[in-house]
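The structure appears below as structure tokens.
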2 protein chains.
Amino acid sequence: MTKRSYGQYCGLARALDVVGGRWSLLIVRELLVGPARYSDLLAGTSGIATNLLSERLRDLEEVGVVERSLDRASNGVLFSLTPWGSELRDAVAALVRWSTPLMVTGPQEDSFRTNWLAVALDALLHDNKAAVSATVGLEVQNRIVSVHIDDTGTHIALDGEPQPTSVLRAEPAVVLGLASGMLTVEQAVLAGEFRGDLDDFDIVFGQFAGALRTIA
Amino acid sequence: MTKRSYGQYCGLARALDVVGGRWSLLIVRELLVGPARYSDLLAGTSGIATNLLSERLRDLEEVGVVERSLDRASNGVLFSLTPWGSELRDAVAALVRWSTPLMVTGPQEDSFRTNWLAVALDALLHDNKAAVSATVGLEVQNRIVSVHIDDTGTHIALDGEPQPTSVLRAEPAVVLGLASGMLTVEQAVLAGEFRGDLDDFDIVFGQFAGALRTIA
DNA sequence: CCGCATCCTCATGGATACTG
DNA sequence: CAGTATCCATGAGGATGCGG
């Protein structure tokens, strides 16, 4: 019984047979941001052993979640998600949304990457819409995550062009608090360094604050 | 470093720290259908060792996903999801939806439980709505899963009262095919035993078939 | 360098027997 | 019924080696 399977005719069990192994979904998370090199994944998953990464990549490739291609630029191997693998975005987003209570508490010494913030912002904001569009930047660890909202939804980009003119530089926890509606724009701005136009932030993040700001 | 954690300040990683362990989400799946006894879980997760079940239950209770209460009826222990634990429904549903390609193929000798079908039907149908309401039954392994649709969404119940008058008795795979839109009502009825009013099934499952039946 | 393969140690999972 | 206790198998973690 190599390849340990739950042996259940159940969607959840079969999904976990494929992506339930340790590290698997974290690798998918990295690839959700975009194709990556082996070394990117090694750094991005922060803690995985080299043999496990290559083993997981081979397994994920075998089942059709990941595919590898040749990176003509660097003449190396590029890993990316297959179309079906990309559809894990919803499941990852659901888990990220569920985890918000775990993000306000917990250990402080955990490692952090801007990529992970981009995934979280996408999960928390993607369905938000606004009649008038806007783009703002969240600056964390000298990288800028840009958040664009319009009437189709909200879209996240890393170090995107053009640079947004309204930027909030803040701690990851503050950005998450803002995106999950636990912090108002005012509170978040007070907890970081802000430059630009506050109206842009209100358009993007004002969704939640309605109830909290009836005093204003 | 007991309690193996990913050590990442990332929602997905923290969620997996809590429910990413082997069997954990399958236990949650059982409890999503309703509170259960230890012996129910042992049977429902089909293959878990007793020590692992008790260990997982203790861990899940510790982090606030599961809670135990006293079952006054049987004078035993009842396990149920906390409110936060119940919110895993979306994540489980997303994984179930993602897994549909894995359900049409794969091993035939896998075990099967009606509970799992109820979870899958909920994941696949929950957001479907209909202006005119209807209730149908899917009979599998001598149990009936009733599916009720109205303008608020679709709701699943196991052996619910009253018994639906329109019932399709079929294999699990046929029911899943119907619910995922891969089979039309006509195809599913041909693959099982049907009694009642076909219109009810069209109301519940007719959502997908539009494109396929333009010939009719 | 990059993308692994190998080796070794130890934590975790799995099966079964047993108990309050 | 609801778990422990025990023992063995497997998988993860970490260091290092190695060919392209």
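No experiment lies behind these values; they were computed from the predicted model shown. Quick note on labels: first sequence line is chain A, next is B, and so on, each numbered from 1. Note that these values count all heavy atoms, side chains included, but never hydrogens, waters or copies made by symmetry.
- Closest approach to the Val77(B) side chain among dG3(C), dG13(D), dA2(D) is made by dA2(D) (side chain taken as heavy atoms from C-beta onward).
- Considering Thr100(B), Thr105(B), Asp110(B) in turn, Asp110(B) is the only one that fulfils the side chain to side chain donor-acceptor pair (under 3.5 Å) rule with Arg14(A).
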Could you go over nucleotides 6-8 of chain D and give all protein N or O partners under 3.5 Å, atom names and distances?
residue	atom	partner	partner atom	Å
dT6(D)	O4	Asn51(B)	ND2	3.4

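- Contact annotation: side chain of Ser54(A) to base of dA5(C), donor-acceptor pair absent below 3.5 Å.
- Judged purely by distance below 3.5 Å, without hydrogens or angles, the side chains of Arg37(B) and Ser74(B) pair a donor atom with an acceptor atom.
- Comparing dG13(D), dG3(D), dA5(C) by their nearest atom to the side chain of Thr50(A) picks out dA5(C).
- Applying the ring-ring contact (aromatic ring centres under 6.0 Å, His included) test to Tyr38(A) and every residue at least two apart in sequence or in another chain returns nothing.
- Between the CG atom of Leu53(A) and the P atom of dG14(D) there is a distance of 14 Å, rounded to whole Å.
- Of the residues in residues 17-40 of chain A, those with a non-hydrogen atom less than 4.0 angstrom from any atom of DNA chain C are Arg37(A), Tyr38(A), Ser39(A).
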Per-nucleotide pairing state of DNA chain C [Watson-Crick or G-U, under 3.5 Å; [ ] pseudoknot-crossing; | other strand]: |||||||||||||||||||.

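- The line from CZ of Phe79(B) to CG of Leu57(B) is 4.5 Å long, rounded to the nearest 0.5 Å.
- Of all heavy-atom pairs between Trp84(B) and Pro101(A), the closest is NE1-CG, 3.5 Å.
- A donor-acceptor pair shorter than 3.5 Å cannot be found between the side chains of Thr154(B) and Asn128(B).
- Closest to the side chain of Glu55(A), from the set dG11(D), dA12(D), dA2(D), is dA12(D).
- Look at Arg56(B) and you'll find a side-chain N or O under 4.0 angstrom from OP1 or OP2 of dG13(C).
- Of the residues in residues 57-73 of chain B, not one comes within less than 4.0 Å of DNA chain C through any heavy atom.
- Between the side chain of Asp71(B) and the backbone N or O of Val77(B) there is no donor-acceptor pair closer than 3.5 Å.
- For residues 82-98 of chain B, every residue pair satisfying the salt bridge (charged side-chain N to carboxylate O under 4.0 Å, His left out) rule, not counting sequence neighbours, is listed here: Arg89(B)-Asp122(B).
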